[in-house]
Amino acid sequence: MDEKFANLPFQPADILLPRSRDLGNWSVVACDQYTSQPEYWARVAQRVGQEPSTLHMILPESSLEGPDVDQDIAEINLNMAKYLRHDVFQEYPNSLIYVERTLASGAVRRGLVGAVDLEDYDYEPGSTTAIRATEGTVMSRIPPRVKVRKNAPIELPHTMLLVDDPELEVIAPLAEETGGMEKLYDFTLMEGGGRVRGYRLTRRQMDRVADTLRRLGEGSPMLFAVGDGNHSLATAKECYEQQKRYVSPQKAKTLPARYTLVELVALQDESLEFEPIHRVVFGVDPGQLLRDFRAAVAAGNLSGGRSGEHAIHYVSTQGEDFVRVPDPAAHLPVGTLQIFLDDWLARRPQARVDYIHGSHVARSLATSRQDTVAFLLPPMEKRELFPTVIYDGALPRKTFSMGEAHDKRYYLEARKIR
């Protein structure tokens, strides 16, 4: 452990990067994107072919319940071992990497790649740890992800943590200091992902980051909120807890699985925009679903005394309109909708819901299929995030997304976890 970062939940790590500088095919978008667009992943697979790529070390969520999932996971682990054995990676010990991601819009998102201590994170409701989930964890989503990770020799992160940094003191100053850093990568991401550059921090810069984080954490009940990758971080936590059961408390302190790579981003970063995550329900009679929704409203099942109204926008081949819910029980419209959908879908196993980034994608799916309804949700204000999580707990799952699908974190850095 780096002594300067002692007792901080975020710290340097031994980070792996590919030796190749031709990284356009190496880096692919987070596995939980484009789940209802298999043609995206087919296109990426055709482009990458058999070249070394993170594609060969991750399992897209659209394949998690596929008939060959066990074989896919075994192949992923073999590819990881092969890349380690064939010296595909170069290791940068005790490092933090400053990342500049130029998004498709031209905005630049600034981040810092390092490791978090999973002892400082808990996804359970009522958590008081320094790192907290921002959405409710769906426990049924953890076991299939654990299967992918539990025997993997390395990890590839797509989790993004947010730090409440009103004066932009942690990461932003690094933008003016890249001339004195070692540049590690600079390339264009595939499929409209923009461009990414990475620089290794100097010792002096790492010390300043540690001092600033320590000061921000003084007196604060929560230092970091999970921005993207809630379930990935929960999976890392579960795998660590499983390993702890078989070793002594002293040995547990040194387990590589105790830590996991993340990218840290300031909540106040100007490039950071909270986008809503829309709900698209497949395998239904749209008319019946909407009649049942309105009936639930009329019966008062979604009301709870809050003043105002939630207007839930829907789209189907039959048209579009709003379901209006007066005096809602939930704080946000997404909560109102989720209360209804959770109950309605539990009694209809033939139906399924997907969580879609981008209203144009959700609308296209709903207007091209007779058995589909899209619910288009408004964005939440990012300034509401930390106070809401501190005082009310986790938000409804899939409440917000930091940008659209092509703006998500791409896999690039890695770390040994065994």
Side-chain angles (χ1 to χ4, degrees), residues 29-41 58-66 123 133-145 148 158-160 225-235 273-284 286 289 293 310 312-316 323 330-346 348-369 371-380 382 385 394-409:
V29 79
C31 65
D32 57 350
Q33 302 305 304
Y34 302 103
T35 53
S36 291
Q37 296 166 272
E39 66 276 9
Y40 175 93
W41 291 104
I58 60 122
L59 186 65
E61 285 206 2
S62 56
S63 302
L64 268 180
E65 298 179 1
Y123 56 79
T134 52
E135 66 175 35
T137 301
V138 183
M139 297 310 297
S140 63
R141 295 181 63 192
I142 302 302
R145 288 160 180 77
V148 177
H158 76 255
T159 298
M160 293 178 64
V226 184
D228 266 341
N230 274 282
H231 285 86
S232 292
L233 198 58
T235 299
E273 296 183 2
F274 279 13
E275 301 285 348
I277 302 180
H278 310 291
R279 275 62 172 156
V280 179
V281 187
F282 300 93
V284 299
L289 186 158
F293 195 177
H310 286 165
I312 312 297
H313 186 185
Y314 67 83
V315 179
S316 76
V323 174
H331 179 66
L332 299 170
V334 62
T336 295
L337 175 62
Q338 202 65 51
I339 291 169
F340 167 72
L341 286 179
D342 285 348
D343 176 69
W344 195 85
L345 291 168
R348 292 166 177 82
Q350 82 284 356
R352 69 177 181 90
V353 64
D354 199 0
Y355 301 91
I356 302 296
H357 304 83
S359 59
H360 59 290
V361 177
R363 181 182 291 274
S364 175
L365 289 167
T367 55
S368 62
R369 300 174 53 139
D371 67 342
T372 301
V373 179
F375 293 98
L376 307 181
L377 291 159
M380 71 173 285
K382 64 181 183 180
L385 181 63
L395 302 165
R397 67 183 181 275
K398 300 290 187 182
T399 294
F400 70 92
S401 170
M402 297 193 304
E404 298 201 21
H406 54 264
D407 294 330
K408 294 300 178 180
R409 191 166 210 288

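For the pair Asp354/Phe282, a side-chain contact is recorded, criterion being any heavy-atom separation below 4.5 Å from C-beta on. Between Thr367 and Ser316, every side-chain heavy-atom pair lies at or beyond the 4.5 Å cut-off. Inter-residue side-chain proximity for Pro276 and Pro379 is flagged as met; some heavy-atom pair is nearer than 4.5 Å. Using a 4.5 Å heavy-atom cutoff, the side chains of Thr372 and Val284 are not in contact. Using a 4.5 Å heavy-atom cutoff, the side chains of Ile356 and Ile277 are not in contact. With contacts defined as side-chain heavy-atom distances shorter than 4.5 Å, the pair Tyr123/Leu233 does not qualify. Using a 4.5 Å cut-off on side-chain heavy atoms (C-beta onward), Leu385 and Thr134 make contact. Contact of the Arg145 side chain with the Glu61 side chain is registered, since non-hydrogen atoms from C-beta on lie closer than 4.5 Å.
The CD1 atom of Ile142 sits 4.0 Å away from the OG1 atom of Thr235 when rounded to the nearest 0.5 Å. In this structure, Ser401 OG and Tyr355 OH are separated by 14.0 Å, a value rounded to the nearest 0.5 Å. Once rounded to the nearest 0.5 Å, the distance linking CE of Met160 with CG of Asn230 reads 12.5 Å. Atom CG in Leu289 sits 11.5 Å away from atom CG in Asp371 (nearest 0.5 Å).
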Check the pair Arg279, Leu377 against side-chain contact (heavy atoms from CB on, under 4.5 Å), reporting the backbone distance first and the verdict last. CA-CA 8 Å; Arg279 275 62 172 156; Leu377 291 159; 3.9 Å; yes
Before giving the answer on side-chain contact (heavy atoms from CB on, under 4.5 Å), spell out for Val280 and Val353 the whole-Å C-alpha distance, their side-chain angles and the decisive distance to 0.1 Å. CA-CA 6 Å; Val280 179; Val353 64; over 6 Å; no
Test Lys382 against Glu273 for salt bridge (charged side-chain N to carboxylate O under 4.0 Å, His left out), laying out the working first. CA-CA 8 Å; Lys382 64 181 183 180; Glu273 296 183 2; over 6 Å; no
Steps toward side-chain contact (heavy atoms from CB on, under 4.5 Å) verdict (Met380, Leu395): CA-CA 11 Å; Met380 71 173 285; Leu395 302 165; 3.8 Å; yes
Go through the steps for Glu404 and His360 under the test side-chain contact (heavy atoms from CB on, under 4.5 Å), then give the verdict. CA-CA 11 Å; Glu404 298 201 21; His360 59 290; 3.3 Å; yes
Output, in order, the C-alpha distance, side-chain angles, deciding distance and verdict of salt bridge (charged side-chain N to carboxylate O under 4.0 Å, His left out) for Lys408 and Asp228. CA-CA 8 Å; Lys408 294 300 178 180; Asp228 266 341; 2.9 Å; yes
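Partners of Asp32 by side chain to side chain donor-acceptor pair (under 3.5 Å), not counting sequence neighbours: none found.
Below 30°, between 30° and 60°, or above 60°: for Phe293 and Phe340 the angle between ring planes is below 30°, a parallel geometry. Classified by interplanar angle (parallel below 30°, tilted 30° to 60°, perpendicular above 60°), the ring pair Phe375/Tyr314 is perpendicular.
Closest of all the heavy-atom pairs between Ala351 and Trp344 is CB-CZ3, 4.5 Å. Considering every non-hydrogen atom in both Ala330 and Thr336, the closest pair reads CB-N, 3.4 Å. Across Ser36 and Leu365, no two heavy atoms sit closer than the pair CB-CD1, 4.3 Å. Of all heavy-atom pairs between Phe400 and Met402, the closest is CE1-CG, 4.1 Å. For Arg363 against Leu376, the heavy-atom pair with the smallest separation is NH2-CD1, 3.6 Å. Counting all heavy atoms, side chain and backbone alike, Gly229 lies closest to Thr159 at O-OG1, 3.5 Å.
Side-chain contact check for His158 and Ser232: at least one donor-acceptor pair (N or O, by modelled atom type) lies under 3.5 Å. Defined by atom type and a distance below 3.5 Å, a donor-acceptor pair is present between the side-chain atoms of Glu135 and His231. Looking only at atom types and distance, the side chain of Glu275 has no donor-acceptor partner in the side chain of His357 under 3.5 Å away.
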